[in-house]
Q: 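Below is the structure I would like to discuss, written out as structure tokens.
Just so it is clear, the values below take in all heavy atoms, side chains as well, and ignore hydrogens, waters and symmetry mates. Whatever order the structure lists them in is the order used to number ligands and atoms, beginning at 1.
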Amino acid sequence: MNEEQIRDEMKKIKRNPIPKRTEEEINLFVKDLMSKMTLKEKIGQLYQTTHDGAAITGPSYDASQNKRLINEGMIGSFLGLYDNMDIYRLQKEAVEHTRLGIPLFFANDIIHGCRTSFPHNLAMACSWDPQLIQQASEVVAYESSHSGINMTFSPMLDIVRDPRWGRVMESYGEDPYIGQLYARAYVNGYQQGDLTSYDSVSACAKHFIGYGQVEGGREYNTVDMSERVLRQFYLPPFEAAVEAGCEAVMTSFNVYDSVPSTANKFLLRTILKDGMNFSGFIISDYTSSSEIIAHKVAKDMKEVAKKCMEAGLDHEMVSNAYIKHLETLVNEGQVSEHLIDDSCGRILKFKYKIGLFDNPYKNVYLNFEDYWLTDDNRRLAKEVALNSVVLLKNDDVLPLKSKKIALIGPLAKSIQVIGPWGGKARDEDCISLYDGLKNKFKDGIEINYSLGVDYHEMDEAIYQEAIDSAKQSDVVVLAMGEQQWMSGEAQSRANIDVPPVQLKLLKDLRKLGKKIVFVLFTGRPLDLRVVEENSDAIINAWFLGNESGNALADILYGDFNPSGRLTMSFPYIVGQIPVYYNHLNTGRPYDPNDYYRSKYNDIPNDPLYSFGYGLSYTKFSYNSIQFSQDEEGVTVQFTITNEGEYDGADVPQVYIEAKSFSVSRPVNELKGYKKVFLKAGESKNISIKVKKKDFAYYNIEMKKEVENGEYLVKLARNSQDIILSTTIFFER
Ligand code: NOJ
């Protein structure tokens with residue numbers, strides 16, 4: 001068929017409502033279909049491959065056999081495709097030219113925006129506003145479901161403690177409580193409780209599990225952690241996602257307890273399928289099944305197929321161990337056909353549930369771009385961007401008063417502000433900081449712009465030009481940091497410095513005695529010691545997506561008061577990593593008056609900026625603080641007042657600390673917070689409740705329990721700034 005004919009057919013796709021069916025009806029349908037399928041066809045459903053034109057992040061693949069494989073019923077799904085015509089062609093092949101006409105499903109990585117680009121996920125997490133992020137996820141779902149795909153490989157639920165790992169920008173930071181809230185928000189935003197809808201998309205939680213703790217922050221590296229740490233810190237976001245009905249879970253590249261996750265029966269069956277009653281399907285990561293050979297737990301692809309199937313892996317991404325070897329393994333009696341039936345049933349159930357048997361072209365649109373980047377979506381992208389920014393330092397310089405500024409740095413005019421995994425977003429739809437300021441003030445602002453330096457090099461003349469621009473201006477605004485591709489997958493860094501060439505310029509500009517505002521662009525926490533020492537204000541701008549420049553202009557000039565709070569600590573220096581707020585105490589906690597203590601001789605123990613930290617243009621005071629305890633838990637009540645001149649939001653946080661337990665517990669555990677907006681001068685009475693069950697922790701018997709005893713409950717501005725605490729007891 002030529003393009004014209006395909007277009008004509010695509011124009012005729014109908015969007016009839018898809019019936020909502022009961023679990024029973026779905027199971028009956030699947031049972032009936034499977035009774036007609038050969039073993040080979042069932043195995044075919046367990047294979048996900050990719051195709052020409054797809055975005056891939058791993059070894060190359062062979063797409064030349066795809067048509068034949070589809071015709072034989074040997075492919076269950078595709079990943080990475082965007083072109084709706086390609087998707088249409090492949091689906092038509094599956095539906096019209098196979099024995100049973102079983103539709104394919106299509107998946108893709110759309111993690112912080114399809115065409116409308118929201119800030120990267122770590123940035124969005126700093127909003128401490130899951131409701132807002134749920135709204136953003138609804139937009140992502142809408143645009144994705146109109147881009148041909150049925151599933152997004154998101155949310156990424158890895159807990160992260162090491163900014164050397166480039167993928168921290170995909171995560172929501174270091175805290176399981178925050179992780180749980182966002183897990184729900186993303187899944188609900190994507191799936192909207194209705195997978196038959198034409199506007200929702202299925203979620204796939206990843207990476208199961210522990211990937212955030214790769215040794216040395218090196219990509220794809222070994223992970224080693226106790227079962228308690230796994231359950232207490234790494235599992236909760238996945239539990240929340242599964243509870244919210246997340247349709248799929250992706251395994252991680254790493255080992256857990258020396259067994260690769262993708263072939264780890266304890267993880268996939270004991271914890272996920274049996275322990276959490278997970279009824280969706282488990283998919284490997286890109287070739288993570290065949291990689292178990294390199295991990296040295298399988299000698300060949302046949303053993304890969306056997307081990308992964310027995311472990312509970314349902315769907316194999318790109319590697320083809322299943323379609324090559326499972327049939328033989330079953331015929332030889334080495335793998336039970338029941339396992340294949342179970343996995344195939346899960347995939348078919350998913351396809352039926354989302355309506356692919358009713359309308360296989362459900363998400364395929366000829367004019368898909370018409371649904372993207374609407375004005376409303378752009379407005380939301382700006383709101384999310386504003387809420388993601390974290391003010392790290394402000395010595396009386398922000399908001400800016402003067403409109404005569406030097407704007408210097410490689411990110412000042414850059415529209416490359418989407419950040420990694422940008423979906424279908426385009427640089428040309430992004431607003432640079434320079435343009436944001438111009439949009440805001442037109443000719444009412446004098447911007448003395450200079451590139452200054454880039455990320456590695458300097459040109460004497462351009463360097464001097466930056467110094468001159470600064471001399472002519474009242475205040476210097478630097479737009480510097482990482483280039484957007486410097487974080488993300490396969491972007492581990494042993495050094496997390498701001499590029500040295502930028503620091504040199506910063507120090508030289510400092511000598512001029514002008515006020516300096518450092519606008520930091522980054523995908524991860526960086527070592528900011530030099531920046532902190534040489535700047536009057538630091539705005540952590542992450543990568544904010546489409547509305548970056550407009551949002552930053554509002555923040556610089558006080559039309560929006562920053563309210564972001566870090567969800568990942570900024571280490572003092574790379575040698576402190578891993579550094580996270582919810583660490584254990586040690587037997588010799590730091591004491592400046594005692595030598596043999598847990599400390600460094602050259603740096604402090606604490607991070608430069610800790611979890612929960614973030615400043616505002618206004619001051620908030622806390623009064624009438626009361627803690628009360630009842631059967632259900634503990635309530636913290638207080639009055640919060642905006643004492644300053646700017647409206648703004650504060651984020652009071654409640655932490656607990658178990659004073660004595662059967663296992664050592666963290667010095668602080670976040671258990672509740674509220675984001676409170678207050679007009680200048682306004683007061684509000686706030687109450688934050690921590691339920692008794694939320695004091696639970698995996699005890700010595702590996703049971704999650706609230707042990708009797710003494711706990712501290714703390715009201716705090718951030719994990720290091722405790723306003724008031726009280727002791728409570730749980731008694732038998
Ligand atoms: C590899 C990445 O680890 C994973 O997050 C992603 O979803 C897959 N590739 C598919 O692109």
Q: Of all the atoms in ligand 1, which lie at a distance below 4.0 Å from a heavy atom belonging to L79?
A: 10 (C), 11 (O)
Q: Has the side chain of N546 got a donor or acceptor atom that lies under 3.5 Å from a matching backbone atom of S117?
A: yes
Q: Is ligand 1 less than 4.0 angstrom away from at least one heavy atom of E170?
A: no
Q: Evaluate Y286 for polar contact with ligand 1, using N/O atom pairs at a separation under 3.5 Å.
A: no
Q: Below the 3.5 angstrom mark, is there an N/O of R167, backbone or side chain, next to an N/O of ligand 1?
A: yes
Q: List for me each residue that meets salt bridge (Lys or Arg N to Asp or Glu O under 4.0 Å) alongside R184, sequence neighbours excluded, and say none if there are none.
A: none
Q: Numbering the atoms of ligand 1 from 1, which are under 4.0 Å from a heavy atom of F253?
A: 3 (O)
Q: Name the one of P119, S388, S127, P155 that satisfies side-chain contact (heavy atoms from CB on, under 4.5 Å) with I133?
A: S127
Q: At under 4.0 Å between heavy atoms, which part of E489 makes contact with ligand 1: side chain, backbone, both or neither?
A: side chain
Q: Give me the one residue out of Y371, Y82, F368 that meets ring pair (Phe, Tyr, Trp, His ring centres under 6.0 Å) with H146.
A: Y371
Q: Heavy-atom contacts with D285 under 4.0 Å: which atoms of ligand 1 show up? List them by number with element.
A: 1 (C), 2 (C), 3 (O), 4 (C), 6 (C), 8 (C), 9 (N)
Q: Does R346 count as lying over the ring of F281, i.e. NZ or CZ under 6.0 Å from the six-ring centre, within 45 degrees of the axis?
A: no
Q: With I577, which of P525, P571, S569 fulfils side-chain contact (heavy atoms from CB on, under 4.5 Å)?
A: P571
Q: Check F611, Y177, Y182 against Y172 for a ring pair (Phe, Tyr, Trp, His ring centres under 6.0 Å) and give me the one that passes.
A: Y182
Q: Among all the protein's non-hydrogen atoms, which is closest to atom 11 (O) of ligand 1, and how far away is it?
A: D109 OD2, 2.5 Å
Q: Please list, in number order, the atoms of ligand 1 under 4.0 Å from a heavy atom of K206.
A: 4 (C), 5 (O), 6 (C), 7 (O)
Q: Report yes if some N/O of Y211 lies less than 3.5 Å from some N/O of ligand 1; otherwise report no.
A: no
Q: Tell me if the centroids of the rings in Y47 and Y322 come within less than 6.0 Å of each other.
A: no
Q: Tell me which part of M156 gets within contact of ligand 1: side chain, backbone, both or neither, using heavy atoms under 4.0 Å.
A: neither
Q: Around atom 9 (N) of ligand 1, find the nearest protein heavy atom and jot down its residue, atom name and distance.
A: T57 OG1, 3.0 Å
